Amino acid sequence: VLACLNEYFEVLCGAVLDAGGTVNELLGDGVLASFGAPIAHPDHAARACRAALVASQRLTALAGSWRTRGLPPLRWRIGIHTGEVVIGEMGTEERTKYGVIGDAVNLASRLEGANKALGTVILVSEATRAAAGDAFSFREIDTIRVSGRAQPLRVFEPLGAADALSPAQIASRDLHEAGLAAYRARDFHGAAALLEVAGAQDAPARSRGGRGPSGRGSGGEGARVAALCPRGALCPRRHEPHGRGRRPQARRAHQGRAV
């Protein structure tokens, strides 16, 4: 297990460092990383998205390697949020770390967990989507509610560099966005038809396609950074979020209610 974990961390942390990020903590099979401190980068949100996409590509290759070696399946989820945090040296005289705390970190962790319900691998908040600019292409996945927040939260999936999407990725994105628009216009039959086509090879579309109008889906202080919370699994099991005894519930929002 330790050999597998170390190989996994080498790939994941390497992607963070290559993008100019900071690995703040290793938490079991999870990693907490930040971008924008201690060195300020105006494009910290774009760097976090780049790190997540590169990490996912490298972990896909690692999963294939493990499969050929007869090792357990490897799966992972990544959540990214951009906001104000407290970041810096913290601890005791005997033990310190360059840590990061704050609501932005908590929300990144919630997004990591929400991937499982939504069928995605990487989720970013609307704040990260806006801060990342036009360097990457995104598609909106859903509007959800997470533990600790009363207001619904729009979440997005980064697809890749804006100028490097394949025709299949563009077609899938356009179908999903058309289905989402039809769903929000309460054209549920039209949405189901669009998402059925998209859902043949697309887990988020299948998740939404199974729902109707009321159904359920199958630095220093004050630094503004992008917090990235990836988590991997070496075998099929329930994941626990960072610092909690149970996973947070990600509830889809529908007409101002959680459904």
Side-chain angles (χ1 to χ4, degrees), residues 21 24-25 27-28 30-37 44-46 48-49 51-52 76-87 99-133 136 138-158 176-177 180-181 183-184 203-204 207-208 211 213-219 221-231 238-259:
N24 298 101
E25 291 188 61
L27 303 162
V31 174
L32 173 60
S34 58
F35 296 78
H44 52 77
C49 293
W76 58 94
R77 305 189 297 260
I78 301 173
I80 309 175
H81 177 56
T82 302
E84 299 287 334
V85 299
V86 176
I87 189 166
V100 54
I101 58 174
D103 184 63
V105 178
N106 296 336
L107 184 51
S109 179
R110 300 294 192 269
L111 294 178
E112 175 265 310
N115 280 291
K116 187 173 183 179
L118 297 176
T120 50
V121 174
I122 308 171
L123 278 179
V124 310
S125 65
E126 187 173 7
T128 297
R129 165 67 184 91
F136 297 94
F138 298 83
R139 65 172 176 173
E140 185 173 358
I141 294 298
D142 212 335
T143 301
I144 65 173
R145 288 183 180 173
V146 297
S147 177
R149 289 196 169 223
Q151 295 301 317
L153 178 72
R154 294 172 67 194
V155 292
F156 298 79
E157 178 186 30
H176 188 274
E177 290 181 348
L180 181 61
Y183 179 85
R184 288 178 171 167
S207 173
R208 176 170 287 282
R211 286 186 285 139
S214 61
R216 296 182 185 269
S218 29
E221 182 174 354
R224 184 170 181 82
V225 305
L228 181 147
C229 291
R231 182 173 290 276
R238 177 172 175 168
H239 307 299
E240 299 298 344
H242 310 311
R244 295 283 187 264
R246 59 185 179 87
R247 74 178 272 115
Q249 295 181 349
R251 299 172 290 171
R252 297 177 180 82
H254 172 66
Q255 292 187 337
R257 298 178 292 109
V259 299

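Computed from a prediction, not measured in an experiment: that's the story for all the values here.
At a threshold of 4.5 Å between non-hydrogen side-chain atoms, the residues Thr128 and Ser125 count as touching. For the pair Arg139 and Glu177, the minimum side-chain heavy-atom distance is below 4.5 Å. Contact of the Val155 side chain with the Thr120 side chain is not registered, since no non-hydrogen atoms from C-beta on lie closer than 4.5 Å. With a 4.5 Å cut-off on side-chain heavy atoms, Asp103 and Arg149 count as touching.
In terms of heavy atoms, Cys49 sits closest to Val124 at SG-CG1, 4.3 Å. In terms of heavy-atom proximity, Val85 sits nearest to Ala104 at CG1-CB, 3.7 Å. Considering every non-hydrogen atom in both Phe138 and Ala132, the closest pair reads CZ-CB, 3.9 Å. Nearest heavy atom pair, residue Phe35 against residue Ala51, reads CZ-CB, 3.6 Å.
Rounding to the nearest 0.5 Å gives a distance of 7.0 Å between CZ of Arg184 and CG of Asp142. Remark: Leu111 CG to Ile141 CD1 distance equals 12.0 Å, nearest 0.5 Å. The line from CZ of Arg145 to CG of Leu153 is 11.5 Å long, rounded to the nearest 0.5 Å. A distance of 12.0 Å separates NE2 in His81 from CZ in Arg110, rounded to the nearest 0.5 Å.
The side chain to side chain contact (heavy atoms under 4.5 Å, CB included) with Pro158 is formed by just one residue from the set Val121, Ile80, Ile122, Ile78; it is Ile122. Of the residues listed (Val100, Val105, Ile101), the one engaging Ile87 in a side chain to side chain contact (heavy atoms under 4.5 Å, CB included) is Val100, and it is the only one.
With sequence neighbours left out, the salt bridge (Lys or Arg N to Asp or Glu O under 4.0 Å) criterion links Glu126 to Arg154.
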